[in-house]
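What follows is a short report on a single structure.
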Amino acid sequence: MKYHIITFGCQMNENDSIKIKAMLQEHGLKPSLTLEQSDIIIVNMCSVRQSAVNRVFGLLQKQGLQKKNQIKILFGCVLPADKKKLSQKFNLILNINKLEQLKEILPNKNINNICEHTKTSKASKYVPIMTGCNNFCTYCVVPYTRGREISKDYKTIIKQIKDLLESDTKEITLLGQNVNSYKDKNIDFPKLLKLISKLPKKFWLRFLTSHPKDISNKLINVMANNEKITEYLHLPVQSGNNEILDKMNRGYTIEQYKKIITHARNQVTNICISTDIIVGFPGETKQQFEQTARLMKCAKFDMAYIAEYSPRPNTPAKQMKNNVPQVTKSARRKILDKIIAKTALENNKKYLDKVINVLINNKKQGDYFGKTSNFKNIKIKSNNLINDKTNLKNKFVKAKVTSVTPWNLEGLLIKNN
């Protein structure tokens with residue numbers, strides 16, 4: 001039997017898809033590159049945004065999903081209302097914590113341990129440290145799909161990371177809906193970062209995602225004083241207007257947010273900061289949106305993931321009057337897209353002619369691709385230090401930046417000392 005997995009969602013969904021893949025392969029199933037050749041189609045989705053739900057419905061119209069006797073399974077963070085809509089389209093709908101129910105339709109009943117880290121590449125792995133959320137932002141379904149916050153035993157996390165480092169992993173990303181809230185016994189998130197940073201071997205340590213109301217000076221100071229913790233912070237602001245933030249139940253003000261990123265930039269050299277923003281939240285006026293645009297200009301984010309608000313079932317925002325027209329939402333998103341493109345380009349220009357550290361994770365047509373420690377994409381062009389026998393994948397290298405765009409750097413390999 002062959003399987004095909006399609007993922008719509010965040011890094012947690014990607015990690016869940018790896019667990020699913022591990023179980024299928026332990027049962028002797030083989031991956032298929034096409035829908036047409038697959039016996040089992042698994043869609044792993046998230047109900048956080050209506051766009052993901054729409055993409056699933058669009059996917060179901062594809063010809064490759066019309067094969068007779070093809071088993072279709074839906075996994076993920078799926079709201080009851082979405083499950084009801086999709087129930088006629090799938091043979092089975094399961095929450096990810098019910099993964100072992102897959103054995104009911106798989107030929108081999110012998111289930112071994114499921115790996116809990118994402119094999120995105122040999123170089124980089126995700127390690128979930130917690131799941132769920134207690135924040136109940138009024139637009140978000142995560143507390144209803146993932147449940148309340150549960151932190152993993154810190155000793156288990158340390159062991160998983162030790163095992164990954166022994167297998168030559170060079171980059172670890174800790175995952176959680178709100179990693180700042182991690183707490184196991186007397187180990188909070190900054191203490192966990194310090195413990196991991198003390199592990200031997202050379203590696204980079206990242207984490208996703210932080211909530212502004214829970215981030216602390218203690219965490220930023222730990223980032224500043226541990227060279228293995230990378231200079232990258234994803235800190236969703238969602239809006240530049242305090243009234244909208246209050247309606248979203250975000251728990252902080254714009255003034256507090258600005259203090260956080262100012263402190264982070266003062267303490268962590270070369271830190272890059274990205275964010276999430278929702279445009280067209282119920283009641284958002286032109287003036288309130290313009291405050292968001294001004295925030296983006298002054299914050300000079302390196303990246304912003306901008307979403308047009310869509311009401312989700314069971315959320316308090318669903319009861320609010322969705323009075324921002326779709327055409328206005330799209331226009332506002334485009335305005336912010338232009339701002340982030342400009343600030344990202346300005347930020348990247350600072351790297352021209354600079355020598356930076358890079359972790360290589362891919363090779364294509366003689367060129368190498370990787371990321372800097374502060375999460376910039378970089379393409380390393382072939383030069384006299386690279387030949388057909390050169391193998392830089394999963395290695396730290398130094399490169400001199402020769403050109404930039406808003407989203408990417410390009411450079412040449414330089415000789416390491």
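Computed from a predicted model, the values in this text were never measured in an experiment.
- Proximity of K152 to T131: side-chain heavy atoms (C-beta onward) are nowhere separated by under 4.5 Å.
- T269 has its side chain out of reach of E231: every pair of non-hydrogen atoms, C-beta onward, lies at least 4.5 Å apart.
- In this structure, K202 satisfies the cation-pi test against F396, with its NZ or CZ atom closer than 6.0 Å to the six-membered ring centre and inside 45 degrees of the ring normal.
- Salt-bridge annotation for E410 and K381: absent, with no side-chain N of the basic residue lying under 4.0 Å from a carboxylate O of the acidic one.
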- Task: Might you work through the side chain to side chain contact (heavy atoms under 4.5 Å, CB included) test for L193 and N226, ending with a clear yes or no?
- Result: CA-CA 9 Å; L193 289 178; N226 288 272; over 6 Å; no
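- With rounding to the nearest 0.5 Å, the separation of CG in L219 from CD1 in I260 is 10.0 Å.
- Between the side chain of N374 and the backbone N or O of N270 there is at least one donor-acceptor pair closer than 3.5 Å.
- Using a 4.5 Å heavy-atom threshold, the side chains of Y3 and S32 count as separate.
- Under 4.0 Å is where a charged nitrogen must lie from a carboxylate oxygen, and between D302 and K376 at least one such pair does.
- Between A344 and W407, the shortest heavy-atom contact is CB-CZ3, 3.6 Å.
- Note that CD1 of I6 and CG of L59 are 4.0 Å apart. Values are rounded to the nearest 0.5 Å.
- Side-chain N or O atoms of N348 include one that pairs as donor or acceptor with a backbone N or O of T405 at under 3.5 Å.
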- Message: Set out, in order, the CA-CA distance, both residues' side-chain angles and the distance that settles side chain to side chain contact (heavy atoms under 4.5 Å, CB included) for L205 and S197, then state yes or no.
- Response: CA-CA 8 Å; L205 180 61; S197 298; 4.1 Å; yes
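- Using a cutoff of 4.0 Å between basic side-chain nitrogens and carboxylate oxygens, K201 and D168 are not scored as salt-bridged.
- Among all heavy-atom pairs drawn from M130 and V179, the shortest one is SD-CA, 3.9 Å.
- Looking at T138, its side chain never comes within 3.5 Å of a backbone N or O of N249 through a donor-acceptor pair.
- Residues T315 and V141 have side chains in contact (heavy-atom distance under 4.5 Å, counting atoms from C-beta outward).
- Checked against a 6.0 Å centroid threshold, the rings of Y144 and F136 count as neighbours.
- A donor-acceptor pair under 3.5 Å is formed between the side chain of N221 and the backbone N or O of N217.
- Formation of a donor-acceptor pair under 3.5 Å by the R250 side chain with backbone atoms of N242 is not found in this model.
- Annotation: side chain of L199 is in contact with side chain of K162 (closest heavy-atom distance under 4.5 Å).
- Residues that satisfy the side chain to side chain donor-acceptor pair (under 3.5 Å) test with Q238, not counting sequence neighbours, are Y139.
- In this structure, T169 and F203 approach most closely via the heavy-atom pair O-CB, 4.4 Å.
- Using a 4.5 Å heavy-atom cutoff, the side chains of L359 and K371 are not in contact.
- Checked by atom type and distance alone, the side chain of Y154 never pairs as donor or acceptor with a backbone atom of K185 at under 3.5 Å.
- In this structure, a donor-acceptor pair under 3.5 Å is present between the side chains of N241 and Q291.
- Cation-pi geometry between K286 and F289 is not met at under 6.0 angstrom from the ring centre and within 45 degrees of the axis.
- Distance check: E149 CD to K183 NZ gives 13.0 Å after rounding to the nearest 0.5 Å.
- The main-chain N or O of L245 is never found under 3.5 Å from a side-chain atom of S239 such that the two would form a donor-acceptor pair.
- At least one side-chain heavy atom of L233 sits less than 4.5 Å from a side-chain heavy atom of I215.
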- Using the side-chain hydrogen bond (donor to acceptor under 3.5 Å, both in side chains) rule, take N357 and K398 through it: C-alpha gap first, then chi angles, then the decisive distance, then the call. CA-CA 5 Å; N357 294 315; K398 292 184 181 296; 2.8 Å; yes
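- N361 places no side-chain N or O within 3.5 Å of a backbone atom of A123 that could act as its donor or acceptor partner.
- Each of R206, K395, K125 was evaluated against E171; a single residue qualifies, R206, per the salt bridge (charged side-chain N to carboxylate O under 4.0 Å, His left out) test.
- To the nearest 0.5 Å, atom CD1 of residue I71 and atom OG of residue S38 are 11.5 Å apart.
- When every heavy atom of P190 is checked against every heavy atom of S216, the shortest pair comes out as CG-OG, 4.4 Å.
- Contact check for Q70 versus I40: no side-chain heavy atoms found under the 4.5 Å cut-off.
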- Message: If you apply the rule side chain to side chain contact (heavy atoms under 4.5 Å, CB included), what do you find for E346 with K342, and how did you get there?
- Response: CA-CA 6 Å; E346 290 173 354; K342 182 178 180 180; 3.4 Å; yes
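- Here the CG atom belonging to D214 is positioned 4.0 Å from the OG atom belonging to S181, to the nearest 0.5 angstrom.
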Kindly list each side-chain donor-acceptor pair under 3.5 angstrom involving residues 272-284, sequence neighbours excluded, with atom names and distances?
from : atom 1 : to   : atom 2 : distance (Å)
S274 : OG     : Y232 : OH     : 2.6
S274 : OG     : H234 : ND1    : 2.6
T275 : OG1    : L235 : O      : 2.8
T275 : OG1    : V237 : N      : 2.9
D276 : OD1    : H234 : NE2    : 3.1
D276 : OD2    : H234 : NE2    : 3.3
E284 : OE1    : G280 : N      : 2.8
E284 : OE1    : R332 : NH1    : 2.8

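- The distance from atom CD1 of I157 to atom CD1 of I172, rounded to the nearest 0.5 Å, is 11.5 Å.
- With S87 contributing its side chain and K84 its backbone, the two residues share a donor-acceptor pair below 3.5 Å.
- A distance-only check finds no donor-acceptor pair linking the side chain of Q37 to the backbone of T34 [under 3.5 Å].
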- Evaluate the side chain to side chain contact (heavy atoms under 4.5 Å, CB included) criterion for residues L174 and F189: first the C-alpha distance (whole Å), next the side-chain angles of each, then the deciding distance (0.1 Å), finally the verdict. CA-CA 10 Å; L174 307 179; F189 188 56; 4.0 Å; yes
